[in-house]
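Owing to the predicted nature of the structure, the values given are computational and were not obtained by experimental measurement.
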Amino acid sequence: MNDQPSPPLTRAQESRVAIERLYITMRHLFNRGFYKPSGVSGEEIRRALLTLQPEIYGLVGDPQRVELDGLVYVMDRLPKGIEACRVITLASREGFENSHFPVLVPAKRRRNCYRIDQEQMVIEVTNGRSEIYDILTHLTFMFMEADKIRRNAFQERGSKSREWEKLEAIIRSGGTVTDDERELALTYLSSILGRTFEETQRAYRRFEETAGTNNGLFQIVYGLGSVSISEVRESNVDREINFTPMLRERIGQHLYGERWATRIKQYIWQNNLQDRPLHIISANPHSVMNCLYAPAALKGTTTWDNLYDLAMTLSQPNQRELREQVVQYAAEHGMHVLEDTAGTSLLVQLIDLSRCDVSQLSAELNPDPAFVQENQPLLLVMDYAFGEQAFETMDELLKPYERQSESATLKVASVTIMGKAGILTGDKGDLMIPTSHIFEGTADNYPLDNDFSKDDFEGNGLAVYEGAMITVLGTSLQNKDILSYFCNSSWKAIGLEMEGAHYQKAIQAHLKIRNSVPADVKVRYAYYASDNPLLTGATLASGSLGTLGVKPTYLITMKWLEKVLRAS
């Protein structure tokens, strides 16, 4: 018998193995309840991350150069001051909201965090396992960059470098510098970061943009380096990550999703809206409201050529008064806002179209007044979910409502998912219409009878792509090798996101098996591109989408409303 050696793994195969190893390790550590990032288990996560080399984390594998764009991305998603903490605790909602600790909410993630003391930070986790994986991956990257800063802060003989001493002096004087001192200070900082002066200056400016929710670059670099130095040079000051017993008990129990969904159903029944055709959409909390109400609310106040032009006006930071005017008008004409109290961080708008003056709607929505008057649709706009939270919330929402020993189902007419996704075949702002969802890391895939098609969106100045979408375990763990495989192989994937398969799993279960959703329900998915992770400089870490996302957001919203406001 001739044993042939196994062929070497491709980079895509190595990457898939690394992702699987990451999640197995993280789940094990979660079940154990704690770990030390510099210990054996923490090193296992680091090795997997180095094998993977995710695009968002850029230079994470470079032993000397600190990855600055990745640091901006991560710090926008972690609480202010976490860089100076050596003990980080992940907890469920356990009463911290009633404490004296100030609530810290990251710039780009809706999660409550609390600074307990100089050494400890508590991060509240209510969005399920996806959020835990997301946090642990970001923390691992942060600690890896901290160790680079520590190494760069010392000379070969073990003494502090002159540049580190200068940074210490800046921090002792308050952590800020005058305009005259800034360039000199950035020169010191560039040496510690192993980056050019220009790169350091650019990162400094990006951190200044989020000064309200982040510390500046000087404080962040000093905090990261100091904690790493203390761990190496002092005893009993190891960095630690802990998971509270309550979090470990509650995860996967749908506790927050059930409370959230029950509150929505209570409102619907209390206001006798249960017999209305219900159209559910996962979207942002402004585009539906603005499309329906802004033209009437702002009549005679400002001028616009079309809904896109009006949306651009309302998106300007200095137009707060106009936005408040729209919200007030909407509240008077059928929109009720259910702020989150359950812990999901998902705001809900319930819009009763029977109270909306259809004659005031924009002609761009192509409404049929007779159809709206006869059917009186009810719209449920839910904010974007995060990862596995999509299954929890949609599953609970579609369940029958148990009340007074009776079971009653909602009259769901359509379920629509719109949102941002990474694109593999185009550029920022382009549109993606899924024909199926492929769940990364599993054998699960979900063919989709999508009521949206490419034809619905063409001719509006945006490129439109139709095909399979990958639902990934975490956008921060993708590299070009994996994504190129999904794009170029027979999968022919057009993009990646984190919620599609989770939503579809819940919808299909209720539609095909549990029969709690009518058989003729319309299911619609449409995404717009927030980034292209296959293009250098076009990942999520490269910066925000800005106003580039306004047109695709409103185009999808308008096409959805057109289908809701007339017989299809």
Side-chain angles (χ1 to χ4, degrees), residues 12 55-56 281-284 287 308 384 390 414-440 444-475 478-504 507 522-563:
E55 297 304 310
I56 281 178
I281 183 169
S282 172
N284 58 65
S287 63
Y308 169 66
Y384 298 124
S414 73
V415 181
T416 301
I417 311 300
M418 68 169 273
K420 296 181 291 186
I423 195 166
L424 302 179
T425 52
D427 208 346
K428 290 184 178 183
D430 292 347
L431 297 179
M432 291 161 280
I433 311 302
T435 55
S436 61
H437 287 98
I438 306 159
F439 194 6
E440 180 190 52
D444 301 344
N445 53 78
Y446 299 88
L448 172 64
D449 184 13
N450 196 345
D451 191 53
F452 275 147
S453 71
K454 189 176 179 180
D455 293 341
D456 288 324
F457 299 96
E458 287 189 320
N460 290 281
L462 295 173
V464 189
Y465 301 89
E466 198 169 50
M469 294 284 290
I470 319 161
T471 296
V472 298
L473 295 165
T475 54
Q478 307 308 306
N479 65 22
K480 288 184 179 179
D481 302 290
I482 295 177
L483 298 178
S484 295
Y485 165 75
F486 276 116
C487 180
N488 299 323
S489 70
S490 58
W491 289 111
K492 292 182 171 53
I494 59 172
L496 67 150
E497 46 75 59
M498 286 185 64
E499 291 78 34
H502 298 294
Y503 274 130
Q504 191 60 16
I507 294 166
K522 302 289 186 184
V523 179
R524 307 181 181 105
Y525 283 82
Y527 300 97
Y528 63 91
S530 58
D531 65 298
N532 186 332
L534 289 179
L535 297 179
T536 301
T539 68
L540 287 171
S542 64
S544 117
L545 191 61
T547 56
L548 194 61
V550 176
K551 184 171 183 177
T553 297
Y554 276 80
L555 179 58
I556 296 171
T557 303
M558 290 160 60
K559 292 298 180 182
W560 174 68
L561 283 170
E562 185 177 341
K563 288 179 178 287

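Counting heavy atoms from C-beta outward, Leu496 and Leu424 have side chains that approach closer than 4.5 Å. Using a 4.5 Å cut-off on side-chain heavy atoms (C-beta onward), Met432 and Tyr525 make no contact. For the pair Glu466/Thr435, a side-chain contact is recorded, criterion being any heavy-atom separation below 4.5 Å from C-beta on. Under the 4.5 Å side-chain criterion, counting only non-hydrogen atoms from C-beta, Phe457 is not in contact with Pro552. Contact annotation: the side chain of Trp560 approaches that of Arg524 to within less than 4.5 Å [non-hydrogen atoms, C-beta and beyond]. Counting heavy atoms from C-beta outward, Tyr384 and Glu499 have side chains that stay 4.5 Å or more apart. Counting heavy atoms from C-beta outward, Gln504 and Ile417 have side chains that stay 4.5 Å or more apart. You'll find the side chain of Asn460 reaches within 4.5 Å of the side chain of Lys559, heavy atoms only.
Taking CG of Leu561 as the start and CD1 of Ile556 as the end, the distance is 12.0 Å to the nearest 0.5 Å. For the atom pair OG (Ser436) and CG (Asp449), the distance works out to 12.0 Å, reported to the nearest 0.5 Å. The structure places CG of Leu473 at 8.0 Å from CE of Met498, a figure rounded to the nearest 0.5 Å. Residue Leu548 holds its CG atom at 7.5 Å from NZ of Lys428, rounded to the nearest 0.5 Å.
The aromatic rings of Trp491 and Phe486 sit tilted relative to each other, their planes meeting at an angle between 30° and 60°.
Partners of Asp481 by salt bridge (Lys or Arg N to Asp or Glu O under 4.0 Å), not counting sequence neighbours, listed by chain and number: Arg11. For Lys551, the side chain to side chain contact (heavy atoms under 4.5 Å, CB included) test picks out Tyr308, Leu462, with sequence neighbours left out. Every residue two or more places apart in sequence or in another chain that forms a salt bridge (Lys or Arg N to Asp or Glu O under 4.0 Å) with Glu458 is listed here: Lys454.
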- Message: Between Tyr528 and Ile423, does the side chain to side chain contact (heavy atoms under 4.5 Å, CB included) criterion hold? Intermediate values first, please.
- Response: CA-CA 8 Å; Tyr528 63 91; Ile423 195 166; over 6 Å; no
- Item | Steps toward side chain to side chain contact (heavy atoms under 4.5 Å, CB included) verdict (Gln478, Glu55) | CA-CA 6 Å; Gln478 307 308 306; Glu55 297 304 310; over 6 Å; no
- Task: Please step through side chain to side chain contact (heavy atoms under 4.5 Å, CB included) for the pair Lys563 and Asp456, ending with a clear verdict.
- Result: CA-CA 10 Å; Lys563 288 179 178 287; Asp456 288 324; 3.7 Å; yes
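Side-chain atoms of Glu440 and Thr471 form no donor-acceptor pair, as typed in the model, at a separation below 3.5 Å.
Among all heavy-atom pairs drawn from Ala421 and Met469, the shortest one is CB-CE, 3.8 Å. Taking each heavy atom of Pro434 and Tyr527 in turn, the nearest pair found is CG-CE1, 3.4 Å. Across all non-hydrogen atoms, the minimal contact from Asn450 to Ile433 is ND2-CG2, 3.6 Å. A pairwise comparison of heavy atoms in Ala12 and Ile482 identifies O-CG1, 4.1 Å as the closest pair. The heavy-atom pair separating Leu534 from Asn532 by the smallest distance is N-OD1, 2.9 Å. Cys487 approaches Thr425 most closely through the heavy-atom pair SG-CG2, 4.0 Å.
The backbone N or O of Asp430 sits nowhere less than 3.5 Å from a side-chain atom of Asp427 that would complete a donor-acceptor pair.
Checked against the 6.0 Å centroid criterion, the rings of His437 and Tyr503 do not qualify as a close aromatic pair.
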